A.B. asks: 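Next up is a structure, given as structure tokens.
No experiment lies behind these values; they were computed from the predicted model shown.
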Amino acid sequence: MLREYAAASGDNNPLHLNDAAAQRAGHREVIAQGMLSMAFVGRWVTSWCDLHELRSVSSRFTAATPLGSLVSCEGRLGSVHQGALSIDYSVSIDGTDIVTMTGRVVVDAAVLDRMGRS
């Protein structure tokens, strides 16, 4: 998957493709691309929100994602302001307290009505 993502995205950083390069940078082996994690966050968002309802996604990478990691994305409802709903999210490696990414998703507040919540 890392090679396919590298080919599609143009992210050919050796940290993601070459164990020796990753080891020189202090990792045990190659690590997943941060933007690949972002792609999975995008998939998470569009599992409960239509793409046209998405206003913005912001992220901050906080730790590397080693190969074979199972990750979970968790969101917390923020505020509703001027027709927009903000959700703060975090991505963590299952079974650990390691958070690999945090951020905020902003969607149309109409998502709440469609989901039957208010």
A.B. asks: According to salt bridge (Lys or Arg N to Asp or Glu O under 4.0 Å), does anything in residues 63-84 pair up with another residue at least two apart or in another chain? List the pairs.
C.D. replies: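 Residue pairs with at least one partner in residues 63-84: Glu74-Arg76.
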A.B. asks: Of all residues at least two apart in sequence or in a different chain, which pass the side-chain contact (heavy atoms from CB on, under 4.5 Å) check with Leu51?
C.D. replies: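 Result, side-chain contact (heavy atoms from CB on, under 4.5 Å) vs Leu51: Thr46, Leu54.
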A.B. asks: Atom CD of Gln23 and atom CG of Leu15: how far apart are they, to the nearest 0.5 Å?
C.D. replies: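 Here the rounded value is 11.5 Å.
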A.B. asks: If you group Ile, Leu, Val, Met, Phe, Trp and Tyr by side-chain heavy-atom gaps below 4.5 Å, do Met1 and Leu17 land in one group?
C.D. replies: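 As far as the 4.5 Å side-chain criterion goes, Leu17 and Met1 are not connected within one cluster.
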A.B. asks: Looking at Pro66, is its backbone amide N or carbonyl O close enough to the side chain of Glu29 to form a donor-acceptor pair, meaning the two atoms are under 3.5 Å apart?
C.D. replies: no
A.B. asks: I need the full list of ring-ring contact (aromatic ring centres under 6.0 Å, His included) pairs touching residues 41-69, with sequence neighbours left out, sorted by first then second residue.
C.D. replies: Trp44-Trp48
A.B. asks: I need the Tyr89 OH to Ser58 OG distance, nearest 0.5 Å.
C.D. replies: 6.5 Å
A.B. asks: What closest approach, in Å, do Val80 and Ala109 show between heavy atoms, and which atom pair accounts for it?
C.D. replies: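 Looks like CG1-CB, 3.9 Å.
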A.B. asks: Of all heavy-atom pairs between Cys49 and Val107, which one has the smallest distance, and what is that distance?
C.D. replies: SG-CG1, 3.6 Å
A.B. asks: Is the backbone of His81 close enough, under 3.5 Å, to the side chain of Ser79 for a donor and an acceptor to pair up by distance?
C.D. replies: no
A.B. asks: Are Leu70 and Phe40 in one and the same hydrophobic cluster, where Ile, Leu, Val, Met, Phe, Trp and Tyr link if side-chain heavy atoms are under 4.5 Å apart?
C.D. replies: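 No; Phe40 is not reachable from Leu70 via cluster members.
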A.B. asks: Grab the two heavy atoms, one from Ser59 and one from Met38, that are nearest each other, plus how far apart they are.
C.D. replies: OG-SD, 2.5 Å
A.B. asks: Among pairs that include at least one residue of residues 1-32, which meet ring-ring contact (aromatic ring centres under 6.0 Å, His included), considering only residues two or more places apart or in two chains?
C.D. replies: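 As it turns out, there is no ring-ring contact (aromatic ring centres under 6.0 Å, His included) pair with a partner in residues 1-32 once direct neighbours are skipped.
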A.B. asks: Taking all atoms of both residues into account, what is the closest heavy-atom pair of Val45 and Val105, and its distance?
C.D. replies: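 Between these two residues, the closest heavy atoms are CG2-CG2, 3.7 Å.
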A.B. asks: I'd like to check the side-chain contact (heavy atoms from CB on, under 4.5 Å) partners of Thr102; sequence neighbours left out, ordered by chain and number.
C.D. replies: Arg60, Thr62, Ser90, Val99
A.B. asks: Given the rule in the side chain to side chain contact (heavy atoms under 4.5 Å, CB included) test, do Val41 and Met101 qualify, once you have shown the distances and angles that lead to the verdict?
C.D. replies: CA-CA 10 Å; Val41 167; Met101 185 169 41; 3.4 Å; yes
A.B. asks: Which pair of non-hydrogen atoms, one from Gly75 and one from Ile87, has the smallest distance, and what is that distance?
C.D. replies: CA-CG2, 3.9 Å
A.B. asks: Kindly state each residue pair satisfying salt bridge (Lys or Arg N to Asp or Glu O under 4.0 Å) with at least one member in residues 81-103, sequence neighbours excluded.
C.D. replies: Asp88-Arg104
A.B. asks: Calculate, to the nearest 0.5 Å, the distance between atoms CD and OG belonging to Gln33 and Ser9 respectively.
C.D. replies: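 Atom-to-atom, Gln33:CD and Ser9:OG are 6.0 Å apart.
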A.B. asks: Which of these, Ile31, Val91, Val71, sits in a side chain to side chain contact (heavy atoms under 4.5 Å, CB included) with Thr65?
C.D. replies: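 Testing each of Ile31, Val91, Val71 against Thr65, the sole residue satisfying side chain to side chain contact (heavy atoms under 4.5 Å, CB included) is Val71.
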